[in-house]
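Order of the sequence lines sets the chain letters (A, B, ...), proteins ahead of strands, with each chain counted from 1. When reading the values below, keep in mind they use all heavy atoms of this one structure, side chains included, and skip hydrogens, waters and symmetry mates.
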Amino acid sequence: DIQMTQSPSSLSASLGDRVTITCRASQDIGNYLTWFQQKPGKSPRRMIYGATNLEDGVPSRFSGSRSGSDYSLTISSLESEDVADYHCLQSIQYPLTFGSGTKLEIK
Amino acid sequence: EVQLQQSGPEVGRPGSSVKISCKASGYTFTDYVMNWVKQSPGQGLEWIGWIDPEYGSTDYAEKFKKKATLTADTSSNTAYIQLSSLTSEDTATYFCARDSGNYWGQGVMVTVSS
């Protein structure tokens, strides 16, 4: 199975900060990487697909990037509504595997 | 508008089974696979498996092969997951999610309690 190592597990940042969350894949997954945002008590929401593609309706302060086997979700200027858990998912191979999640809070 | 409407919360006794539904609307049900995902309290997301509603074919993560059974009824555009031999480890929220995860159900909380 492909392991997705996500870091950090939690992150506290100030409004307006640039925030980056990373997932490292244990095998080549190409660009088959999706980022989800999940607010408390809600279903996950797809934010980024294909590693770099912004889902329709997602604010442009969110972006995805890849460097080798490292995949990053960046929020360019943190807003209060961004407080949530973030999850990465690889979908190149079954079983699909998620990262362990990142809890993002406001400092 | 695509919607995935899941059934209500379930309480199951240890050793029993529960069956959760996910009714799809707003698209052709047989055009997309349906994934199922588990989220234990305060934990991350785990992929359980998928079903292709058109053919009924399925695939499961290894740890769920004896735990979960995925089915689909094309006459009612509904996907199902049955969880058997319930233990406390099965207490979690279960989501259905279409294909690449751009649409999710609201989740069903399953509580295993005697």
Contacts of type side chain to side chain contact (heavy atoms under 4.5 Å, CB included), residue A:Arg46, not counting sequence neighbours: A:Thr34, A:Phe36, A:Tyr49, A:Glu55, B:Ser100, B:Asn102
Under a single-linkage definition using a 4.5 Å side-chain heavy-atom cutoff for Ile, Leu, Val, Met, Phe, Trp and Tyr, are [X] and [Y] assigned to the same hydrophobic cluster?
X: A:Leu96; Y: A:Ile2; result: no
X: A:Phe62; Y: A:Leu104; result: yes
X: B:Leu86; Y: B:Met109; result: no
X: A:Leu11; Y: A:Leu15; result: yes
X: A:Leu89; Y: A:Ile29; result: no

Counting heavy atoms not belonging to A:Arg24, are there more than 12 under 6.0 Å from its CZ? no
Considering residues, nucleotides and ligands other than A:Lys39, do more than 12 of their heavy atoms fall under 6.0 Å from its NZ? yes
Chain B heavy atoms under 4.5 Å from A:Lys103: which part of the residue, side chain, backbone, both or neither? neither
Can you tell which part of A:Gln38 gets under 4.5 Å to a heavy atom of chain B, answering side chain, backbone, both or neither? side chain
Output all residues satisfying ring pair (Phe, Tyr, Trp, His ring centres under 6.0 Å) with B:Phe95, sequence neighbours left out; order by chain, then residue number. B:Trp104
Those residues of residues 44-64 of chain B, ordered by number, that approach chain A below 4.5 Å (heavy atom to heavy atom): B:Gly44, B:Leu45, B:Glu46, B:Trp47, B:Trp50, B:Asp59, B:Ala61
Listed by residue number, which members of residues 5-40 of chain B have a heavy atom under 4.5 Å from any heavy atom of chain A? B:Asn35, B:Val37, B:Gln39
Among A:Ser91, A:Pro95, A:Pro44, who wins on heavy-atom pairs under 4.5 Å with chain B? A:Pro44
